[in-house]
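Beneath this line is the structure, given in structure tokens, with notes to follow.
In this text, all values refer to a predicted model and were calculated from it rather than measured experimentally.
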Amino acid sequence: MFSDKEEFKQAFTSKIETELGKTIETATEFDSYRALGALVKDRISENWLNTERYYKENKTKQVYYFSMEFLMGRLLGNNLLNMEILSLVDEGLKDLGLSLSELEEEENDPGLGNGGLGRLAACFLDSLASLELAGHGYGMRYKYGMFDQRIIDGEQVELPDYWLSKDFIWEVRRPEDSIDVKFGGYVYSDKDANGKLNFKYKDYEQVSAVPYDVPVVGYNNETVNTLRLWSAEPTAEDTLARAENEKEFGHFLNHKRSLESISEFLYPDDSNEEGKRLRLKQEYFLVSAGVQSVVRSFEALELPWSSFPDQVALHINDTHPALVIPELMRILMDEKGIGWEEAWDITQSSVSYTNHTTLSEALESWPVEMVRSLLPRIFMIIDEINERFCQELWRTYPGDFDRIADLAIVADGQVKMAHLSIVGSHSVNGVARLHTEILKKREMKRFYDTFPERFNNKTNGITHRRWLMHANQPLASAITEAIGDKWIEQPKLLNNLLDKKDDLAFLDRLDDIKQKNKRDLADWVHQTQGIAVDPNSIFDVHIKRLHGYKRQLLNALHIMHLYNELKSHPTMDMVPRTFFFGAKAASSYYFAKKVIQLINRIAHVINNDPDVNDKMKVVFLPNYSVSIAERVIPASNVSEQISTASKEASGTGNMKFMMNGAVTVGTMDGANVEIHELVGDDNIYTFGLSSDEVLEYYRNGGYSSKQIYDQDERVRHTLDQLIHYSPFSKGETQFQDIYDALVHHNDEYFVLKDFADYILAQKRISQDFEKKRQWNLKSLINIAQSGKFSSDRTIQEYASDIWKIQKVRTLK
Ligand SMILES: *Cc1c(COP(=O)(O)O)cnc(C)c1O
């Protein structure tokens, strides 16, 4: 162990020698990263053991956060930060001629998630540990994470992300905690001597779920919780049995591969239902391994089953792990001999559910036949839950067939996972105030009428440790110098920055920091992409998954429009801008890929046109990921949050930008509404339809995109450039489908409807950016009001309202 710089240098040097058999001189950067990681792990391990022991000895209630995705980002820097040895290590390494930030780059960014949902899970783990709450993550150890995106000839190309190619130094394999998971086969029942029904399985396939544990280090405390990632492997018995039966080794290998495929890859879909049998297998694999292991730990406490909900909270991040409900029922009834009523009571009291979307195409459902054949016993239980639920409805609303058909869990040959999640849990939460209201008043109105006490809101948050203290250290230091360091423990105290409103020196300092971050980003873009961008231009950033409702297309069409204006009025006064995009499209999402192609075409045209180059540039950053977000957000002036109102449940990107002093241009959607409420009209640029207006159009019609096309000359000219000869189309037809969606298929996401208002909002931004002092003040106000969006606040609310857990002190 080390407590000062000299001791660290000593420890680091000897780690390189003992662990790698090298010297500082011969070690590669990756060697140094490994040695540093090993040192950090040594330091973590004692607290990790103690935390686990403390929870057990004190019978602390524990939360298990089930999520198919954890988008953790790199861990080295954050672990150093949370252990409060970051600057010590940074300086020690400098003395040795090494750079910490370069060593951090050696870590593969584990991309075990698609976007917001997986990143939320990661922020929550950081907050749980930092608030000394007993909460762990249960997820999948995918062999291949989110694909590696390249742009080749202006189009997205997907390469497999074999993130384990370099060892993932943080994980610890725990084969002794493996769990068997069963699929398929038949269920039959027989009565035992006491007349009790026993369920038995035949001809099933058995897989071993092997956990890999990753420590989750709390900030400035002694808590180390666990992220447990499950990996699928053949079981030892199975291997033996097959070795005896099957003469051909090839058969055995095929069998092994088919089992391992369960944890092979992350489904690269976002906000789109993925109806594949293998995906259902993945979901049950996580759930069954997780719930069995939770039950095992509970049994070690030797408490009565009735106290299960006082010891355990099972949280499901969206409906993907909704099978925890029938799986817990199965274990309690079939394996522990508990009757239905009591098992149901225990299950409902333990499970809580977060809804992430109202997009109908993203609501999960599975064909009955698929569930029945893959999970026969689980299906029987779901069916029984459904029967009992429908009977209960029938008693409360006699004769109301409509309601029952609407709310049933199994209907139309489908198992509806959201319905199962609501019926089988005690809490259903939305992720921003507006989203929760839409759930209650519209999308899930009938469920809300039936179970009003279950519905509640938990506005999302982000960890200010990763997204401010680590991603933007200069800003964090400036804040601490201005208002002291209490904001780190209580992020709401960022509010005290409002006292600096008239402090010109401080506003200048914020500006200097932003400017420096912009130069750093510009240098990186130049090195990696060969595009020269002007650090004095407005850095206007749109980074998130590519999806129709997120409306990257609105931004792209606006850029085309600006380009046209500049070309036809060469002397036009325009505040220089650099437009940054970063977005991955699901491999099967044709339209999204077209938009990526369009953005890259626009970038190509604009960046190579000397007429406009001192005014605008467009940069598409390939392979958007947590690491890229950390690099780009601190350098942003404008945050693009322009989803079709009502569609973005919350957003969390919006919060990261705000906390780093970017000003939002956005619709009144998701958490933008709450940002607007905090910063006021002067410090955010809102535009476009309201969610009520959008929902009204969807319900009653009345929108005609063709009419806008016909009437607005700017719209028509820009859209025609997609299909007629223009620098953007070059006379080819590749953007015909975009044109058709907007003009002939009535523009599902109201891009044209909001176009004019968006132009105005962007004009106001350009004008205001020139008034430097006022702009810096807007930036300050955004930072000062961002404390609400720390995930510490969010997790505190989950802890007290949903999970009923309290802070514990881990004692040495
Ligand atoms: C924060 C984050 C997201 C979510 O961004 P939204 O703008 O809320 O959609 C997605 N991907 C990554 C890598 C993130 O860091």
Side-chain angles (χ1 to χ4, degrees), residues 116 271 355-359 429-444 457-462 540-545 547-555 557-558 636 638-659 662-700 702-703 705 708 747-765 768 778 781-782 785-786 788-789 794:
S271 297
N355 173 285
H356 282 269
T357 182
T358 58
L359 296 182
N429 74 279
V431 289
R433 196 205 301 141
L434 176 70
H435 168 62
T436 302
E437 287 308 306
I438 292 175
L439 286 180
K440 295 202 296 195
K441 297 214 177 96
R442 295 173 187 257
E443 304 297 325
M444 298 189 164
N457 178 57
K458 297 287 168 281
T459 298
N460 281 167
I462 55 164
D540 178 324
V541 183
H542 202 167
I543 48 176
K544 51 184 74 238
R545 281 301 287 259
H547 203 287
Y549 83 82
K550 290 177 182 278
R551 296 204 294 193
Q552 282 92 352
L553 185 53
L554 175 57
N555 188 347
L557 294 175
H558 173 248
S636 306
V638 175
S639 160
E640 297 274 353
Q641 307 299 336
I642 60 176
S643 54
T644 309
S646 81
K647 297 266 178 194
E648 186 76 89
S650 164
T652 48
N654 46 3
M655 302 167 183
K656 300 167 195 163
F657 281 99
M658 178 192 192
M659 201 173 267
V663 182
T664 304
V665 55
T667 46
M668 286 294 253
D669 200 16
N672 295 353
V673 175
E674 289 162 72
I675 293 176
H676 172 255
E677 182 175 279
L678 285 162
V679 301
D681 277 333
D682 290 345
N683 302 296
I684 183 170
Y685 297 84
T686 59
F687 72 97
L689 292 173
S690 69
S691 59
D692 280 337
E693 287 167 330
V694 169
L695 293 170
E696 182 58 25
Y697 275 129
Y698 281 130
R699 190 169 285 195
N700 297 322
Y703 174 50
S705 62
I708 296 179
D747 179 20
E748 186 182 353
Y749 298 109
F750 300 94
V751 173
L752 305 191
K753 182 78 186 165
D754 282 348
F755 190 70
D757 211 11
Y758 184 58
I759 293 179
L760 289 177
Q762 290 288 20
K763 275 205 177 118
R764 285 191 284 134
I765 289 176
D768 292 355
K778 290 179 203 297
I781 290 171
N782 272 276
Q785 297 290 6
S786 69
K788 165 176 174 179
F789 299 111
T794 316

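Using a 4.5 Å heavy-atom cutoff, the side chains of Tyr685 and Val638 are not in contact.
Screening Glu648, His542, Gln641 for a side chain to side chain donor-acceptor pair (under 3.5 Å) with Lys550, the sole residue that qualifies is Glu648. Phe750 pairs in a ring pair (Phe, Tyr, Trp, His ring centres under 6.0 Å) with only one of the listed residues (Phe687, Tyr549, Tyr697), which is Tyr697. The side-chain contact (heavy atoms from CB on, under 4.5 Å) with Asp747 is formed by just one residue from the set Thr644, Leu752, Ile708; it is Leu752. For the side-chain contact (heavy atoms from CB on, under 4.5 Å) criterion with Ile642, the lone passing option out of Leu553, Thr664, Leu554 is Leu554. His435 pairs in a side chain to side chain donor-acceptor pair (under 3.5 Å) with only one of the listed residues (Thr459, Thr358, Asn355), which is Asn355.
Rounded to the nearest 0.5 Å, atoms NZ (Lys753) and CG (Leu689) are 6.0 Å apart. To the nearest 0.5 Å, atoms CD (Glu640) and CD (Gln552) are separated by 10.0 Å. Separation of atoms NZ (Lys544) and OG1 (Thr652) is listed at 8.0 Å; rounding is to 0.5 Å. Atom CD of Glu748 and atom OG of Ser705 lie 11.5 Å apart (nearest 0.5 Å). From Thr357, atom OG1 reaches atom CG of Leu439 across 9.0 Å, with rounding to the nearest 0.5 Å.
Taking every heavy atom of both residues into account, Ala645 and Ser691 meet most closely at CB-N, 3.4 Å. In plain terms, the two heavy atoms of Ala671 and Asn654 that are nearest each other are CB-ND2, 3.9 Å.
By the salt bridge (charged side-chain N to carboxylate O under 4.0 Å, His left out) test, Asp540 is found to be paired with Arg577, residues two or more places apart in sequence or in another chain being considered. For Ser636, the side-chain contact (heavy atoms from CB on, under 4.5 Å) partners at least two apart in sequence or on another chain are Val541, Val632, Phe657, Ala662. The side-chain contact (heavy atoms from CB on, under 4.5 Å) check on Thr686 picks up Met668, His676, Ile684, with sequence neighbours excluded. Taking Leu695 as the reference, Ile438, Arg442, Ser646 meet the side-chain contact (heavy atoms from CB on, under 4.5 Å) condition, with sequence neighbours excluded. For Thr436, the side-chain contact (heavy atoms from CB on, under 4.5 Å) partners are Lys440, Asn457, not counting sequence neighbours.
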- Message: Show, in sequence, the C-alpha distance, side-chain angles and deciding distance for Gln785 and Asn683, and conclude whether the side-chain contact (heavy atoms from CB on, under 4.5 Å) test is met.
- Response: CA-CA 11 Å; Gln785 297 290 6; Asn683 302 296; over 6 Å; no
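Distance alone, capped at 3.5 Å, places no donor-acceptor pair between the Asn782 side chain and the Val663 backbone. Not a single donor-acceptor pair under 3.5 Å links the side chain of Tyr749 to the backbone N or O of Ser643. No donor-acceptor pair closer than 3.5 Å links the side chain of Ser650 to the backbone N or O of Ala432.
Under the 3.5 Å distance criterion, with hydrogens and angles disregarded, a donor-acceptor pair is assigned to the side chains of Tyr758 and Gln762.
Annotation: salt bridge (charged side-chain N to carboxylate O under 4.0 Å, His left out) contacts involving residues 665-683, sequence neighbours excluded, comprise Arg433-Glu677, Glu674-Lys788.
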